[in-house]
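Some notes on the structure that comes next.
What you see is a predicted model, and the numbers here were worked out from it, not measured in a lab. We're numbering straight along the sequence, starting at 1.
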Amino acid sequence: MPNWGGGKKCGVCQKTVYFAEEVQCEGSSFHKSCFLCMVCKKNLDSTTVAVHGEEIYCKSCYGKKYGPKGYGYGQGAGTLSMDKGESLGIKHEEGPSHRPTTNPNASKFAQKIGSSERCPRCSQAVYAAEKVIGAGKSWHKSCFRCAKCGKGLESTTLADKDGEIYCKGCYAKNFGPKGFGFGQGAGALVHSE
């Protein structure tokens, strides 16, 4: 049958597309008003269109319908969507539910995750974001201070005795050598009668 109406047919509405209103994509012609995403109906252009067979989509809807599935796909960085794609005609199949391990020989790492360590100073749980290790134990940053003077410590500037931590100065004064010439400061000899 001859094409008496002249011009090409629109890929969406199948009516004649005239030059002034024509948008071309992948060898097909569309009216400007018909060049819309098949799902969300957003206007498309050459930078936002994605074609699948005879259907046109915006890149977002195309990715949801035909792109990879699973955590981290289809929504941009750092976003987790609970949309399973039913509106796009995707049928979601439920997998087997998660069951915790019954292995009695779980690794030390797995055992540590379940139970957090306790700070020796305040006896509260110490989590990774606030953890400082010194004298073989885990401390809160705010508790990692000299037991005598309260000075903040670093793992290289502490001394420990009986489960408590001290700055080097307080440790020397309280637990260092005693007697004439000791504990009074550098090079100071003090004699009292």
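Every residue two or more places apart in sequence or in another chain that forms a side-chain hydrogen bond (donor to acceptor under 3.5 Å, both in side chains) with Gln24 is listed here: Glu22. Legend: residues meeting side-chain contact (heavy atoms from CB on, under 4.5 Å) with Lys148, ordered by chain and number and at least two apart, are Cys146, Tyr166, Cys170, Asn174. Partners of Asn43 according to the side-chain contact (heavy atoms from CB on, under 4.5 Å) rule, which considers only residues two or more places apart in sequence or in another chain, are Leu36. Residues passing the side-chain contact (heavy atoms from CB on, under 4.5 Å) test with Gln14, sequence neighbours excluded: Lys9. Residues meeting the side-chain hydrogen bond (donor to acceptor under 3.5 Å, both in side chains) test with Lys131, sequence neighbours left out: Glu117. With sequence neighbours excluded, the residues that form a side-chain hydrogen bond (donor to acceptor under 3.5 Å, both in side chains) with Thr47 are Asp45. With sequence neighbours left out, Arg121 forms a side-chain contact (heavy atoms from CB on, under 4.5 Å) with Cys119, Trp139, Cys143, Arg145, Ala147, Glu164, Ile165.
For residues 134-143, there are no salt bridge (Lys or Arg N to Asp or Glu O under 4.0 Å) pairs, not counting sequence neighbours.
Inter-residue side-chain proximity for Val12 and Phe35 is flagged as unmet; no heavy-atom pair is nearer than 4.5 Å. The side-chain heavy atoms of Phe30 and Ser28, taken from C-beta on, include a pair separated by under 4.5 Å.
Follow the hydrophobic side-chain contacts under 4.5 Å out from Leu158 and you never reach Tyr171; the two are in separate clusters.
The backbone N or O of Cys13 lies less than 3.5 Å from no partner atom in the side chain of His31, so there is not a single donor-acceptor pair. With His140 contributing its side chain and Cys122 its backbone, the two residues share no donor-acceptor pair below 3.5 Å.
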